[in-house]
**Q** 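The structure's right below; bear with me while I get my questions together.
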Amino acid sequence: MIRNMLQMSNVGSYPPVFRQLNGGGVHPPQQMMAQLKKDNYSMEDTSTTTQEDSVPIPMVDLECLSLHKLGDACKNWGLFRLVNHGIPSTLLTKLQYHAKMLFGLSFESKQALITNPMSYFWGTPALTPSGTALNPAASTSTMNWLEGFNVPLTQLPHFHSEHPMLHCFRLLLEEYGRHLSRIATTLFESMAKNLDLDPKQSESKLDESTAFIRVYRYPPRRSLAGEAWGMIPHTDSSVLSIVNQDHVGGLEIFKDNKWHLVNPIPNTLVVHIGDMMQAISDDEYMSVKHRVRVKKQEERLSICYFVFPAEESVIHSSKYKPFTYKDFQEQVQKDTRTLGYKVGLQRFKA
(Lines give C-alpha, C1' and ligand atoms only; values in the text may rest on other atoms or scores of the structure.)
Protein backbone atom coordinates (compact mmCIF):
# COMPACT_ATOMS: atom_id res chain seq x y z
CA MET A 1 0.00 0.00 0.00
CA ILE A 2 2.83 2.40 0.89
CA ARG A 3 4.59 1.65 -2.39
CA ASN A 4 1.40 2.42 -4.32
CA MET A 5 1.15 5.75 -2.51
CA LEU A 6 4.79 6.51 -3.22
CA GLN A 7 4.27 5.88 -6.92
CA MET A 8 1.52 8.48 -7.12
CA SER A 9 2.77 11.45 -9.11
CA ASN A 10 1.41 14.97 -9.08
CA VAL A 11 2.49 16.50 -12.38
CA GLY A 12 1.81 19.98 -10.98
CA SER A 13 4.51 19.39 -8.38
CA TYR A 14 7.29 19.39 -10.98
CA PRO A 15 9.14 22.59 -11.91
CA PRO A 16 7.25 24.35 -14.75
CA VAL A 17 10.06 23.79 -17.28
CA PHE A 18 9.92 20.03 -16.67
CA ARG A 19 6.17 20.02 -17.19
CA GLN A 20 6.51 21.89 -20.48
CA LEU A 21 9.31 19.71 -21.79
CA ASN A 22 7.73 16.40 -20.87
CA GLY A 23 5.64 16.72 -24.00
CA GLY A 24 8.69 17.36 -26.14
CA GLY A 25 12.32 16.34 -25.83
CA VAL A 26 15.48 17.38 -24.13
CA HIS A 27 18.81 16.56 -25.67
CA PRO A 28 21.89 16.11 -23.48
CA PRO A 29 23.45 19.45 -22.51
CA GLN A 30 25.44 20.10 -25.69
CA GLN A 31 28.03 22.55 -24.37
CA MET A 32 28.87 20.36 -21.40
CA MET A 33 28.83 17.17 -23.48
CA ALA A 34 31.60 18.50 -25.75
CA GLN A 35 33.89 19.21 -22.80
CA LEU A 36 32.97 15.98 -21.00
CA LYS A 37 33.89 14.00 -24.09
CA LYS A 38 37.20 15.84 -24.27
CA ASP A 39 37.84 14.95 -20.61
CA ASN A 40 37.08 11.24 -21.24
CA TYR A 41 33.57 11.53 -19.82
CA SER A 42 32.16 10.28 -23.12
CA MET A 43 28.47 9.46 -23.23
CA GLU A 44 28.36 8.06 -26.77
CA ASP A 45 27.85 4.51 -25.50
CA THR A 46 24.98 5.44 -23.19
CA SER A 47 22.14 4.19 -25.34
CA THR A 48 23.40 0.60 -25.05
CA THR A 49 23.32 0.48 -21.24
CA THR A 50 20.61 -2.00 -20.28
CA GLN A 51 19.47 -3.90 -17.21
CA GLU A 52 21.86 -6.66 -18.24
CA ASP A 53 24.77 -4.23 -17.81
CA SER A 54 24.22 -4.08 -14.05
CA VAL A 55 27.27 -5.02 -12.04
CA PRO A 56 27.57 -6.78 -8.66
CA ILE A 57 29.57 -4.14 -6.77
CA PRO A 58 31.61 -5.22 -3.71
CA MET A 59 29.71 -5.72 -0.49
CA VAL A 60 31.01 -4.55 2.90
CA ASP A 61 29.49 -5.70 6.19
CA LEU A 62 29.67 -2.99 8.84
CA GLU A 63 29.01 -5.47 11.66
CA CYS A 64 31.94 -7.68 10.63
CA LEU A 65 34.13 -5.08 8.97
CA SER A 66 36.96 -6.63 6.95
CA LEU A 67 39.79 -4.17 6.35
CA HIS A 68 40.94 -6.24 3.40
CA LYS A 69 37.53 -6.22 1.66
CA LEU A 70 37.09 -2.53 2.41
CA GLY A 71 40.51 -1.62 1.02
CA ASP A 72 40.03 -3.74 -2.10
CA ALA A 73 36.67 -2.09 -2.84
CA CYS A 74 38.12 1.42 -2.38
CA LYS A 75 41.14 0.70 -4.59
CA ASN A 76 39.48 -1.18 -7.42
CA TRP A 77 35.95 0.20 -7.48
CA GLY A 78 35.72 3.47 -5.61
CA LEU A 79 32.43 2.37 -4.12
CA PHE A 80 30.76 -0.52 -2.31
CA ARG A 81 27.41 -1.69 -1.02
CA LEU A 82 27.08 -1.46 2.75
CA VAL A 83 25.03 -4.06 4.64
CA ASN A 84 24.25 -4.46 8.34
CA HIS A 85 24.67 -0.72 8.74
CA GLY A 86 22.44 -0.48 11.81
CA ILE A 87 19.87 1.96 10.41
CA PRO A 88 16.34 0.69 11.14
CA SER A 89 14.49 -0.22 7.96
CA THR A 90 11.47 1.65 9.34
CA LEU A 91 13.49 4.87 9.39
CA LEU A 92 14.56 4.39 5.76
CA THR A 93 10.96 3.72 4.73
CA LYS A 94 9.63 6.76 6.60
CA LEU A 95 12.30 9.00 5.08
CA GLN A 96 11.44 7.87 1.55
CA TYR A 97 7.74 8.29 2.24
CA HIS A 98 7.99 11.80 3.69
CA ALA A 99 10.37 12.90 0.93
CA LYS A 100 7.85 11.71 -1.67
CA MET A 101 5.06 13.57 0.06
CA LEU A 102 7.10 16.80 0.23
CA PHE A 103 8.12 16.58 -3.41
CA GLY A 104 4.44 16.03 -4.21
CA LEU A 105 3.58 19.51 -3.00
CA SER A 106 3.13 22.16 -5.66
CA PHE A 107 6.28 23.75 -7.06
CA GLU A 108 5.26 27.09 -5.57
CA SER A 109 4.60 25.55 -2.14
CA LYS A 110 8.05 24.00 -2.05
CA GLN A 111 9.66 27.31 -2.91
CA ALA A 112 7.73 29.00 -0.10
CA LEU A 113 8.04 26.30 2.59
CA ILE A 114 11.66 25.23 2.21
CA THR A 115 13.54 28.09 3.84
CA ASN A 116 16.92 28.73 5.44
CA PRO A 117 18.86 26.71 6.52
CA MET A 118 17.30 24.19 4.12
CA SER A 119 16.96 25.10 0.46
CA TYR A 120 15.02 23.89 -2.57
CA PHE A 121 16.71 23.65 -5.97
CA TRP A 122 16.05 22.21 -9.41
CA GLY A 123 17.76 21.82 -12.78
CA THR A 124 21.28 21.67 -11.34
CA PRO A 125 23.04 19.88 -8.45
CA ALA A 126 25.80 22.55 -8.36
CA LEU A 127 25.08 24.75 -5.33
CA THR A 128 26.88 27.44 -3.36
CA PRO A 129 27.75 26.76 0.30
CA SER A 130 24.51 28.54 1.22
CA GLY A 131 22.49 26.12 -0.94
CA THR A 132 21.58 28.35 -3.89
CA ALA A 133 22.15 27.29 -7.50
CA LEU A 134 25.57 28.21 -8.91
CA ASN A 135 24.33 28.30 -12.47
CA PRO A 136 20.52 28.44 -12.48
CA ALA A 137 19.15 26.19 -15.23
CA ALA A 138 17.99 28.89 -17.60
CA SER A 139 17.81 26.63 -20.64
CA THR A 140 17.52 22.97 -21.57
CA SER A 141 21.14 23.00 -22.80
CA THR A 142 22.43 23.23 -19.20
CA MET A 143 19.74 21.35 -17.34
CA ASN A 144 19.96 18.28 -15.15
CA TRP A 145 16.58 16.55 -14.86
CA LEU A 146 16.24 16.77 -11.07
CA GLU A 147 14.96 18.75 -8.12
CA GLY A 148 16.06 18.54 -4.52
CA PHE A 149 16.34 19.70 -0.94
CA ASN A 150 19.69 20.74 0.49
CA VAL A 151 20.00 20.06 4.24
CA PRO A 152 23.06 21.21 6.27
CA LEU A 153 22.89 18.86 9.23
CA THR A 154 24.50 21.08 11.86
CA GLN A 155 21.95 23.82 11.14
CA LEU A 156 18.94 21.52 10.99
CA PRO A 157 17.96 22.00 14.68
CA HIS A 158 17.49 25.70 13.87
CA PHE A 159 14.93 24.94 11.17
CA HIS A 160 11.38 25.42 12.44
CA SER A 161 8.19 25.02 10.46
CA GLU A 162 4.54 24.95 11.41
CA HIS A 163 3.90 22.62 8.49
CA PRO A 164 3.45 19.16 10.13
CA MET A 165 4.99 17.29 7.21
CA LEU A 166 8.14 19.44 7.30
CA HIS A 167 8.39 19.11 11.08
CA CYS A 168 8.28 15.29 10.85
CA PHE A 169 10.76 15.30 7.97
CA ARG A 170 13.21 17.42 9.99
CA LEU A 171 13.06 14.99 12.93
CA LEU A 172 13.62 12.02 10.62
CA LEU A 173 16.59 13.73 8.95
CA GLU A 174 18.16 14.50 12.32
CA GLU A 175 17.90 10.84 13.35
CA TYR A 176 19.16 9.68 9.96
CA GLY A 177 22.07 12.15 10.14
CA ARG A 178 23.20 10.70 13.47
CA HIS A 179 23.31 7.22 11.95
CA LEU A 180 25.23 8.44 8.90
CA SER A 181 27.75 10.28 11.08
CA ARG A 182 28.40 7.03 12.96
CA ILE A 183 28.77 5.07 9.74
CA ALA A 184 31.05 7.61 8.03
CA THR A 185 33.32 7.87 11.08
CA THR A 186 33.60 4.09 11.40
CA LEU A 187 34.41 3.66 7.72
CA PHE A 188 36.92 6.51 7.61
CA GLU A 189 38.77 5.27 10.69
CA SER A 190 39.05 1.84 9.06
CA MET A 191 40.27 3.39 5.80
CA ALA A 192 42.85 5.43 7.74
CA LYS A 193 44.14 2.19 9.30
CA ASN A 194 44.38 0.57 5.88
CA LEU A 195 46.30 3.56 4.55
CA ASP A 196 48.50 3.79 7.66
CA LEU A 197 47.55 7.43 8.18
CA ASP A 198 48.71 9.20 11.32
CA PRO A 199 45.67 9.20 13.67
CA LYS A 200 46.30 12.76 14.88
CA GLN A 201 46.80 14.18 11.39
CA SER A 202 43.78 12.36 9.98
CA GLU A 203 41.38 13.66 12.66
CA SER A 204 40.57 16.82 10.67
CA LYS A 205 40.26 14.98 7.38
CA LEU A 206 36.66 14.02 8.16
CA ASP A 207 34.76 16.77 9.92
CA GLU A 208 31.18 15.90 10.84
CA SER A 209 30.26 19.59 11.04
CA THR A 210 30.68 19.80 7.23
CA ALA A 211 28.10 17.09 6.52
CA PHE A 212 24.91 17.72 4.60
CA ILE A 213 22.13 15.68 3.07
CA ARG A 214 20.74 16.13 -0.42
CA VAL A 215 17.33 14.66 -1.16
CA TYR A 216 16.89 14.26 -4.92
CA ARG A 217 13.85 13.57 -7.07
CA TYR A 218 14.34 12.68 -10.72
CA PRO A 219 11.04 13.18 -12.61
CA PRO A 220 10.20 10.71 -15.38
CA ARG A 221 10.76 11.63 -19.02
CA ARG A 222 7.87 10.09 -20.92
CA SER A 223 9.01 11.43 -24.27
CA LEU A 224 12.74 11.22 -24.88
CA ALA A 225 14.57 12.77 -27.82
CA GLY A 226 18.07 11.50 -27.19
CA GLU A 227 18.72 10.94 -23.49
CA ALA A 228 17.76 12.94 -20.43
CA TRP A 229 20.11 12.89 -17.47
CA GLY A 230 19.35 13.39 -13.84
CA MET A 231 23.05 14.04 -13.36
CA ILE A 232 25.76 14.10 -16.00
CA PRO A 233 29.01 12.16 -15.34
CA HIS A 234 30.92 13.51 -12.36
CA THR A 235 32.86 12.60 -9.24
CA ASP A 236 31.85 13.76 -5.76
CA SER A 237 34.02 16.36 -3.99
CA SER A 238 33.49 14.69 -0.61
CA VAL A 239 35.56 12.38 1.54
CA LEU A 240 32.66 9.92 1.51
CA SER A 241 29.18 9.98 -0.02
CA ILE A 242 26.52 7.58 1.23
CA VAL A 243 23.49 6.94 -0.98
CA ASN A 244 20.10 5.57 -0.02
CA GLN A 245 18.20 4.98 -3.27
CA ASP A 246 14.65 3.79 -3.83
CA HIS A 247 13.56 0.76 -5.86
CA VAL A 248 13.57 2.52 -9.24
CA GLY A 249 17.32 2.60 -9.95
CA GLY A 250 19.24 4.70 -12.45
CA LEU A 251 22.64 5.13 -10.77
CA GLU A 252 25.48 4.16 -13.13
CA ILE A 253 29.24 3.93 -12.55
CA PHE A 254 32.09 4.03 -15.05
CA LYS A 255 34.48 1.10 -14.78
CA ASP A 256 36.70 -0.71 -17.28
CA ASN A 257 35.74 1.83 -19.98
CA LYS A 258 32.07 0.99 -19.69
CA TRP A 259 29.00 2.28 -17.86
CA HIS A 260 27.33 -0.14 -15.45
CA LEU A 261 24.03 0.04 -13.59
CA VAL A 262 24.10 -0.17 -9.81
CA ASN A 263 20.82 -1.89 -9.04
CA PRO A 264 19.03 -0.95 -5.81
CA ILE A 265 18.81 -3.58 -3.06
CA PRO A 266 16.46 -2.89 -0.13
CA ASN A 267 18.01 -1.93 3.23
CA THR A 268 21.49 -1.42 1.79
CA LEU A 269 23.47 1.76 1.21
CA VAL A 270 25.91 2.60 -1.58
CA VAL A 271 29.12 4.30 -0.39
CA HIS A 272 31.17 6.38 -2.85
CA ILE A 273 34.80 7.41 -2.44
CA GLY A 274 35.03 11.15 -3.13
CA ASP A 275 37.77 13.43 -4.47
CA MET A 276 39.03 14.35 -0.99
CA MET A 277 39.49 10.70 -0.03
CA GLN A 278 41.36 10.10 -3.28
CA ALA A 279 43.77 12.93 -2.47
CA ILE A 280 44.12 11.91 1.20
CA SER A 281 44.98 8.36 0.10
CA ASP A 282 47.58 9.64 -2.41
CA ASP A 283 45.47 8.19 -5.23
CA GLU A 284 45.46 4.72 -3.67
CA TYR A 285 41.67 4.99 -3.41
CA MET A 286 39.81 6.30 -6.44
CA SER A 287 36.91 8.74 -6.60
CA VAL A 288 34.28 6.95 -8.67
CA LYS A 289 32.83 8.55 -11.79
CA HIS A 290 29.05 8.16 -11.89
CA ARG A 291 25.86 9.55 -13.38
CA VAL A 292 22.10 9.18 -13.05
CA ARG A 293 19.90 8.08 -15.93
CA VAL A 294 16.30 9.32 -15.96
CA LYS A 295 13.55 6.74 -16.32
CA LYS A 296 10.75 7.12 -18.87
CA GLN A 297 7.82 6.07 -16.69
CA GLU A 298 8.89 6.32 -13.04
CA GLU A 299 10.36 9.07 -10.94
CA ARG A 300 13.38 8.17 -8.83
CA LEU A 301 14.23 9.27 -5.31
CA SER A 302 17.59 9.18 -3.55
CA ILE A 303 18.81 10.51 -0.22
CA CYS A 304 22.53 11.27 -0.20
CA TYR A 305 24.90 12.13 2.64
CA PHE A 306 28.16 13.99 1.96
CA VAL A 307 30.97 14.70 4.43
CA PHE A 308 34.21 16.65 3.94
CA PRO A 309 37.47 17.59 5.67
CA ALA A 310 37.60 20.63 7.94
CA GLU A 311 37.81 23.69 5.66
CA GLU A 312 41.33 24.70 6.77
CA SER A 313 42.75 21.18 7.06
CA VAL A 314 45.71 20.93 4.66
CA ILE A 315 45.85 17.81 2.48
CA HIS A 316 49.41 16.70 1.70
CA SER A 317 50.03 14.23 -1.11
CA SER A 318 52.85 13.33 -3.48
CA LYS A 319 50.34 13.59 -6.34
CA TYR A 320 48.95 17.06 -5.55
CA LYS A 321 50.07 20.47 -4.36
CA PRO A 322 49.14 21.08 -0.70
CA PHE A 323 45.58 22.39 -0.55
CA THR A 324 42.67 22.75 1.84
CA TYR A 325 39.11 21.73 1.18
CA LYS A 326 38.26 25.43 1.17
CA ASP A 327 40.78 25.92 -1.71
CA PHE A 328 39.20 23.01 -3.57
CA GLN A 329 35.64 24.18 -3.02
CA GLU A 330 36.43 27.71 -4.21
CA GLN A 331 38.11 26.37 -7.36
CA VAL A 332 35.18 24.07 -8.13
CA GLN A 333 32.76 26.97 -7.71
CA LYS A 334 34.87 29.18 -9.97
CA ASP A 335 35.13 26.51 -12.68
CA THR A 336 31.43 25.77 -12.52
CA ARG A 337 30.56 29.45 -12.90
CA THR A 338 33.01 30.16 -15.73
CA LEU A 339 33.19 26.83 -17.59
CA GLY A 340 29.86 25.28 -16.69
CA TYR A 341 31.42 22.14 -15.20
CA LYS A 342 33.75 20.95 -12.44
CA VAL A 343 37.42 20.26 -13.23
CA GLY A 344 38.25 18.89 -9.79
CA LEU A 345 41.54 17.35 -8.65
CA GLN A 346 43.26 18.00 -11.98
CA ARG A 347 43.55 21.65 -10.89
CA PHE A 348 45.78 20.63 -7.97
CA LYS A 349 48.10 18.12 -9.65
CA ALA A 350 51.70 18.43 -8.48
Side-chain angles (χ1 to χ4, degrees), residues 25-59 72-82 124-126 141-146 214 216-221 224-238 240-265 268-275 277-278 283 285-302 304 340-346:
V26 173
H27 294 274
Q30 299 300 326
Q31 180 183 357
M32 288 189 287
M33 290 305 99
Q35 185 62 42
L36 289 166
K37 182 177 180 182
K38 180 180 176 183
D39 292 338
N40 196 31
Y41 277 48
S42 174
M43 299 177 74
E44 288 183 355
D45 62 339
T46 56
S47 61
T48 59
T49 307
T50 64
Q51 192 72 15
E52 287 70 35
D53 293 317
S54 63
V55 62
I57 64 173
M59 193 168 289
D72 185 66
C74 295
K75 291 176 185 176
N76 298 318
W77 288 80
L79 87 165
F80 51 88
R81 196 182 300 278
L82 191 68
T124 175
S141 64
T142 57
M143 187 181 297
N144 290 261
W145 200 257
L146 59 75
R214 293 264 178 89
Y216 295 110
R217 179 170 77 159
Y218 303 90
R221 278 303 314 276
L224 291 175
E227 294 287 352
W229 298 97
M231 283 192 196
I232 60 172
H234 66 285
T235 58
D236 291 342
S237 298
S238 57
L240 296 174
S241 306
I242 305 177
V243 181
N244 167 20
Q245 57 177 332
D246 67 7
H247 68 284
V248 175
L251 174 64
E252 300 179 357
I253 62 167
F254 193 71
K255 179 173 169 58
D256 300 327
N257 295 313
K258 186 179 180 182
W259 287 101
H260 302 272
L261 287 169
V262 179
N263 284 334
I265 297 178
T268 68
L269 303 171
V270 177
V271 180
H272 295 234
I273 298 299
D275 297 338
M277 192 69 226
Q278 177 173 328
D283 283 6
Y285 293 174
M286 301 308 294
S287 184
V288 62
K289 190 195 307 182
H290 55 286
R291 68 186 184 189
V292 177
R293 181 187 293 270
V294 171
K295 298 289 185 176
K296 288 187 178 182
Q297 299 300 328
E298 283 187 282
E299 65 182 33
R300 175 181 184 263
L301 188 86
S302 67
C304 307
Y341 59 92
K342 166 188 160 183
V343 178
L345 284 174
Q346 291 297 322

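Because the structure is a prediction, the values reported are computed rather than measured.
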**Q** Test your reading of the model: is there a side-chain donor-acceptor pair from Asp246 to the backbone of Val248, 3.5 Å cut-off?
**A** yes
**Q** I need the minimum non-hydrogen distance between Met231 and Pro125, along with the two atoms involved.
**A** CE-CB, 3.9 Å
**Q** Could you tell me which non-hydrogen atom of Trp77 sits nearest to which non-hydrogen atom of Ile57, and how far apart they are?
**A** CZ3-CG2, 4.0 Å
**Q** When you compare the side chain of Tyr285 with that of Lys75, does any pair of heavy atoms fall below 4.5 Å?
**A** yes
**Q** Out of curiosity, Leu345 CG to Ser237 OG, how far, rounded to the nearest 0.5 Å?
**A** 8.0 Å
**Q** Within the side chain of Glu252, is there an N or O that forms a donor-acceptor pair under 3.5 Å with the backbone of Trp259?
**A** no
**Q** Quick one: does Lys255's side chain have a donor or acceptor within less than 3.5 Å of a partner on Asn76's backbone?
**A** yes
**Q** State the SG-CD distance between Cys304 and Gln245, to the nearest 0.5 angstrom.
**A** 8.5 Å
**Q** Rounded to the nearest 0.5 Å, how far apart are CZ of Arg217 and CG of Leu146?
**A** 11.0 Å
**Q** Hey, does the side chain of Asp275 reach the backbone of Ser287 with a donor-acceptor pair shorter than 3.5 angstrom?
**A** no
**Q** Considering all heavy atoms of both residues, which atom of Ile232 and which atom of Asn144 are nearest to each other, and what is their separation?
**A** N-OD1, 3.3 Å
**Q** Supply the atom-to-atom distance Leu261 CG to Ile253 CD1, rounded to the nearest 0.5 angstrom.
**A** 9.5 Å
**Q** If you take all heavy atoms of Asn263 and Arg81, which pair is closest and at what distance?
**A** O-NH2, 2.9 Å
**Q** Between atom CD of Gln297 and atom NZ of Lys295, what is the distance when rounded to the nearest 0.5 Å?
**A** 11.5 Å
**Q** Could you pull out the closest heavy-atom pair between Arg300 and Leu251, with the gap in Å?
**A** NH2-CB, 3.7 Å
**Q** Determine the minimum heavy-atom distance between Pro220 and Trp145, stating which atoms define it.
**A** O-NE1, 3.5 Å
**Q** Would you find a donor on one side and an acceptor on the other, under 3.5 Å apart, between the side chain of Lys342 and the backbone of Thr235?
**A** yes
**Q** Show the numbers, then the answer: is there a side-chain contact (heavy atoms from CB on, under 4.5 Å) between Val288 and Ile273?
**A** CA-CA 6 Å; Val288 62; Ile273 298 299; 5.7 Å; no
**Q** His290: what forms a side-chain hydrogen bond (donor to acceptor under 3.5 Å, both in side chains) with it, not counting sequence neighbours?
**A** His234, Asp236
